[in-house]
Amino acid sequence: MFVDEVDIRVTAGSGGNGCLSFRREKFIPFGGPNGGDGGKGGSVYAVGDRNLNTLIDYRYARRHEARNGENGRGSDQYGAAADDIVLRMPMGTIIKDVDTGAVIAELLVPDEKVLLVKGGDGGFGNLHFKSSTNR
């Protein structure tokens, strides 16, 4: 079956939350902050593929959502970044925004990644604001 036009919904992942945590141990009176930053959310990319000639893969799989980044934790632990999603499409595919009708990209170069939606940045934990003078 030849499919040359599809409507899909892509969603980027949100960044993880930063953590507010302080080091508390018995014999360390001034432990200081140790909350880690949140991880980055996943982005969605489109890539032109010479070996494809139809959009049949996207006929029934219409929602493509990247995962959110993990939250930061205490004990200087940063959150993990989420994986990006890569949508492989035939060469010459024109990608438009449904609401405005504006052309976002046209896939003319093979294996060139075009950013469709960018994932969110992770939040800052209180470890991020620690310095030698501000402990």
Side-chain angles (χ1 to χ4, degrees):
M1 176 182 235
F2 183 75
V3 177
D4 65 345
E5 186 174 337
V6 292
D7 289 335
I8 62 172
R9 178 179 299 271
V10 293
T11 306
S14 300
N17 297 323
C19 179
L20 180 103
S21 173
F22 292 92
R23 181 175 177 194
R24 293 177 50 92
E25 294 182 33
K26 184 174 181 180
F27 295 109
I28 300 175
F30 301 106
N34 70 348
D37 297 346
K40 296 177 78 168
S43 300
V44 180
Y45 293 94
V47 174
D49 190 351
R50 288 184 185 181
N51 298 323
L52 295 177
N53 57 8
T54 181
L55 293 169
I56 191 70
D57 297 337
Y58 304 105
R59 170 129 185 181
Y60 299 108
R62 294 182 182 228
R63 290 180 52 193
H64 301 277
E65 298 177 2
R67 297 181 61 96
N68 297 334
E70 287 187 9
N71 296 333
R73 294 184 292 263
S75 302
D76 303 335
Q77 295 178 7
Y78 289 77
D83 293 332
D84 296 333
I85 293 178
V86 177
L87 303 175
R88 301 197 74 77
M89 299 179 180
M91 298 299 301
T93 301
I94 298 173
I95 301 168
K96 292 183 180 180
D97 186 359
V98 174
D99 297 333
T100 63
V103 175
I104 297 173
E106 185 172 359
L107 303 177
L108 298 175
V109 180
D111 298 326
E112 179 183 15
K113 287 175 86 171
V114 176
L115 179 67
L116 298 180
V117 286
K118 183 182 182 305
D121 293 329
F124 293 141
N126 62 349
L127 175 67
H128 183 85
F129 300 106
K130 182 172 76 170
S131 67
S132 61
T133 56
N134 182 16
R135 296 186 286 168

Open item on the list: Is it the case that over 12 heavy atoms from other parts of the model lie below 6.0 angstrom from the CG atom of Asp57?
Closed with: yes
- [ ] Give the minimum heavy-atom separation between Asn126 and Gly35, together with the two atoms involved.
- [x] OD1-N, 2.9 Å
Open item on the list: What I'd like to find out is whether the side chain of Arg73 reaches to under 4.5 Å of the side chain of Ser21, using heavy atoms alone.
Closed with: no
Task: All pairs passing side chain to side chain donor-acceptor pair (under 3.5 Å) where residues 41-53 contributes a residue, at least two apart - done: Asp49-Arg88
Task: Hydrophobic cluster identity match, Ile85 and Ile95, side-chain contacts under 4.5 Å - done: yes
TODO: State whether the side chain of Ser75 and the backbone N or O of Gln77 hold a donor-acceptor pair below 3.5 Å, judged by distance alone.
DONE: no
Open item on the list: Side chains of Val6 and Ile56, heavy atoms from C-beta outward: is any pair under 4.5 Å?
Closed with: no
Task: For Met89 against Leu107, the heavy-atom pair lying closest together - done: CB-CD1, 3.8 Å
TODO: Starting from Val103, walk the hydrophobic network (Ile, Leu, Val, Met, Phe, Trp, Tyr; side-chain heavy atoms closer than 4.5 Å) and list everyone else you reach, by chain and number.
DONE: Ile94
Task: Sidechain-backbone polar pair: Asn68 side chain, Gly15 backbone, donor-acceptor under 3.5 Å - done: no
TODO: State, to 0.1 Å, how close Glu5 and Leu55 come at their nearest heavy-atom pair, and which atoms those are.
DONE: N-CD1, 4.3 Å
Open item on the list: Using every non-hydrogen atom in the two residues, find where Ala66 and Val44 come nearest and quote the distance to one decimal.
Closed with: CB-CG2, 4.3 Å
Open item on the list: For a quick test of reading the model, state the closest non-hydrogen atom pair linking Ile104 to Lys96 and the distance between them.
Closed with: CD1-C, 4.1 Å
- [ ] Please tell me if the side chains of Asp7 and Tyr58 come closer than 4.5 Å, counting only heavy atoms from C-beta onward.
- [x] no
- [ ] Taking the side chain as every heavy atom from C-beta outward, state whether Asp111 and Val47 have any atom pair closer than 4.5 Å.
- [x] yes
Open item on the list: Quick one, Arg63 and Ile8 - any side-chain contact, counting heavy atoms below 4.5 Å?
Closed with: no
Task: salt_bridge(Lys40, Asp37) N-O dist < 4.0 Å - done: no
TODO: Please report the shortest heavy-atom distance between Gly74 and Cys19, naming the atom on each side.
DONE: N-SG, 3.7 Å
- [ ] Just jot down the salt bridge (Lys or Arg N to Asp or Glu O under 4.0 Å) partners of Asp97, sequence neighbours excluded, or say none.
- [x] none
Open item on the list: Measuring from atom OG1 of Thr11 to atom NE2 of His64, what distance do you get when rounded to the nearest 0.5 angstrom?
Closed with: 10.0 Å
